[in-house]
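Below is one structure, written out as structure tokens; comments come after it.
Each ligand, and each atom within it, is numbered from 1 in the order the structure gives.
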Amino acid sequence: MTALHPPHAHADGLPDTFDVRVHPARELRGTLRAQPSKNYTTRYLLAAALTQASSNGPVRVVGVAQSEDAAAMLRCLADWGAGTELVGEDAVIRGFGAGPAAGVTLNPGNAGAVARFLMGVAALTTDTTFVTDYPDSLGKRPQGDLLEALGRLGARVSSDGGRLPVQISGPVRGGSVEVSAEKSSQYASALLFLAPLLPGGLDLRLTGDIKSHAPLRQTLDTLATFAIKASANEDLSRIRVPGGQKYMAERVLVPGDYPGSAAILAAAAILPGEVRLGNLRENDLQGERDAVAVLREMGADIERTGDTLTVRGGQPLKAVTRDGDGFTDAVQALSAAAACAEGETTWKNVSTLRLKECDRISDTRRELEQLGLSVSETGDSLSITGTPIIAGGITVSGHGDHRMIMLLTVLGLRAERPLRITGAHHIRKSYPLFFRHLEELGAQFEYLPTDTR
Ligand SMILES: O=C(O)C1=C[C@@H](OP(=O)(O)O)[C@@H](O)[C@H](O)C1
Ligand SMILES: C=C(OP(=O)(O)O)C(=O)O
């Protein structure tokens, strides 16, 4: 069984597509448990499938995310021949090891990390084709740097000008290879998942101005959890993985998700009340953990007790200037706090945000300007001047981007009048229970038929 839910039923109990009308909230109050991490779910599921079940036995991935991206990874792994059984909140994976099936067409949905990690592993196969039913989002994101590296390693690769659809065939022996890490760290992560299963391993050099170090460290952490040896220098510009290794693990536990939680923390910070958010371990490699430090620097009252954060909201916030590359998936959420802070906040070094589900610099500027904010952008930065009053009472576009939907929802809670966000069902890419979690804290939403204008 691969579907996370029966056909046509969603865990949030909402229709397939919907807009959301966000009602202003006076306060947020209550206790939540952070959902399972997106980045660790995709990694652990893949590493479990790369574990040979006939010698290791199945791998139990405890507490997997219930999102569309998690479902996409499970579906693709099953299509490649893995056993993927869901038992309660766990996934039990009978892996194919170094032998995913040949001649398979994979559809990773709109999941960049899933698509790219699997493109690396596809060098173990003959004739894997990647397609997407999101031609306007994942279909536009660049894959060329990864495909070039695979080609240099000897894989046969074809694509639509470095974009999906993509075909990949191995075999590949391994050796030394360069890959650019300037647009995305996911290309290097993809090669790292492949490396231990190659006879010659990989001596990987990351070129360009390396971005998103944090998810790369999550990949190295995952390899270590599955008993794979690898060595990396301090700045991750060179990573060596010996070949002929075996992925091995019995049971791995998915930690809580910082990127999605950053939106809850931002909402809790800008509204009065008290919100407790559990399941967020302190020592975690997710870079979006920095959202806590950034919100504190802005003036938010956040206290940590073990894995639980308590936000006492409604404190006046002030602007900050920060390099956002370390917490790329929390920049949208933190932009909600910036929109309510005194002064001009700047997120520097965030050029990769232009290459996500939408252009998270220009599209964010446009939506925030619609809300009456003063916003400016450069090639690699976004600046937002906060305002004490957000009028609301309009319709804004979610741009098919879960993180944009989170940002706009948080601002809607602070607005004077209701805010309608189009295509709000895209929240399911990473955080299907986002609206339900906020409802538990007292927020009110109306779910409306999608306005396709
Ligand atoms: O490796 C991963 O799981 C991810 C890496 C990041 O992308 P980039 O490396 O493209 O910045 C991040 O934005 C994405 O949500 C998940
Ligand atoms: C950009 C994201 O994901 P991906 O690159 O995996 O599509 C994200 O989760 O914000």
- Query: Should you measure from each heavy atom of Ala113, which atoms of ligand 1 turn up under 4.0 Å away?
  - Reply: 3 (O)

- Query: Do Ser67 and Asp69 have a side chain donor and acceptor closer than 3.5 Å?
  - Reply: no

- Arg403 versus Gln332, side-chain donor and acceptor atoms under 3.5 Å: no

- Message: Quick one, Ser376 and Arg365 - any side-chain contact, counting heavy atoms below 4.5 Å?
- Response: no

- Note on the structure: Ranked by distance from atom 8 (P) of ligand 1, the top protein heavy atom is Lys356 NZ, 3.3 Å

- Task: Answer with side chain, backbone, both or neither: which part of Met404 has a heavy atom less than 4.0 angstrom from an atom of ligand 2?
- Result: neither

- Item | Parallel, tilted or perpendicular: rings of Tyr44 and Phe226 (30°, 60°) | tilted

- Counting from 1, what ligand 2 atoms have a heavy atom of His402 closer than 4.0 Å? 8 (C), 9 (O), 10 (O)

- Note on the structure: Any heavy atom of Pro215 under 4.0 Å from ligand 1? The part involved is side chain

- May I ask you to check if ligand 1 and Asp329 share an N or O to N or O distance below 3.5 Å? yes

- Item | Beyond-backbone contact of Asp90 with Val64, side-chain heavy atoms, under 4.5 angstrom | no

- Message: I'd like to know whether ligand 1 has Thr42 as a neighbour, heavy-atom separation below 4.0 Å.
- Response: no

- Message: How close do Arg289 and Arg281 get, counting heavy atoms only, and between which atoms?
- Response: CD-O, 4.5 Å

- Mode of Asn110 contact toward ligand 2 - side chain, backbone, both, neither (heavy atoms, under 4.0 Å): backbone

- Can you tell me which residue and heavy atom of the protein come closest to atom 9 (O) of ligand 1, and the distance to 0.1 Å? Ser185 OG, 2.6 Å

- Task: May I ask which of Arg43, Arg403, Gln218, Lys38 has a heavy atom nearer to atom 2 (C) of ligand 1 than the others do?
- Result: Arg43

- Task: Verify the distance criterion only: is there a donor paired with an acceptor across the side chains of Ser381 and Trp347 at less than 3.5 Å?
- Result: no

- Please could you name the atoms of ligand 2 that Asp329 approaches to less than 4.0 Å, counting only its heavy atoms? 8 (C), 9 (O), 10 (O)

- Query: Do Tyr431 and His437 have their ring centres less than 6.0 Å from each other?
  - Reply: yes

- Query: Between Tyr40 and Asp221, do the side chains contain an N or O donor and an N or O acceptor separated by less than 3.5 Å?
  - Reply: yes

- Full working for side-chain contact (heavy atoms from CB on, under 4.5 Å) between Ser335 and Leu382: CA-CA 9 Å; Ser335 294; Leu382 178 67; 4.3 Å; yes

- Query: Do the non-hydrogen side-chain atoms of Arg163 and Pro142 ever get within less than 4.5 Å of each other?
  - Reply: yes

- Note on the structure: Checking heavy-atom distances from atom 1 (C) of ligand 2 to each of Lys38, Glu357, Gln186, Lys429, the winner is Glu357

- Pull out every atom of ligand 2 sitting under 4.0 Å from any heavy atom of Arg360, numbered as shown with elements. 1 (C), 8 (C), 10 (O)

- Query: What class does the angle between the rings of Phe18 and Phe435 fall in, given that below 30° is parallel, 30 to 60° is tilted and above 60° is perpendicular?
  - Reply: perpendicular

- Can an N or O of Ala113 be found at a distance shorter than 3.5 Å from an N or O of ligand 2? yes

- Query: What protein heavy atom is closest to atom 10 (O) of ligand 2, reported as residue, atom name and distance in Å?
  - Reply: Arg403 NE, 2.6 Å

- Item | Ser184 and ligand 1 - part of the residue with a heavy-atom distance under 4.0 Å | both

- Message: I'd like to know if Gln186 contacts ligand 1, where contact means a heavy-atom distance under 4.0 Å to any ligand atom.
- Response: yes

- Within 4.0 Å of some non-hydrogen atom of Lys356, the atoms of ligand 2 are 1 (C)

- Query: Is Ser212 close to ligand 1, meaning an N/O of one under 3.5 Å from an N/O of the other?
  - Reply: yes

- Note on the structure: One finds that the ligand 2 atoms under 4.0 Å from a non-hydrogen atom of Gly112 are 4 (P), 5 (O), 6 (O), 7 (O)

- Considering only heavy atoms, does Arg141 approach ligand 2 within less than 4.0 Å through its side chain, its backbone, both, or neither? side chain

- For ligand 1, which part of Tyr187 has a heavy atom less than 4.0 Å away: the side chain, the backbone, both, or neither? neither

- Within 45° of the axis and under 6.0 Å from the centre of the six-membered ring of Tyr447, does NZ or CZ of Arg420 qualify? no

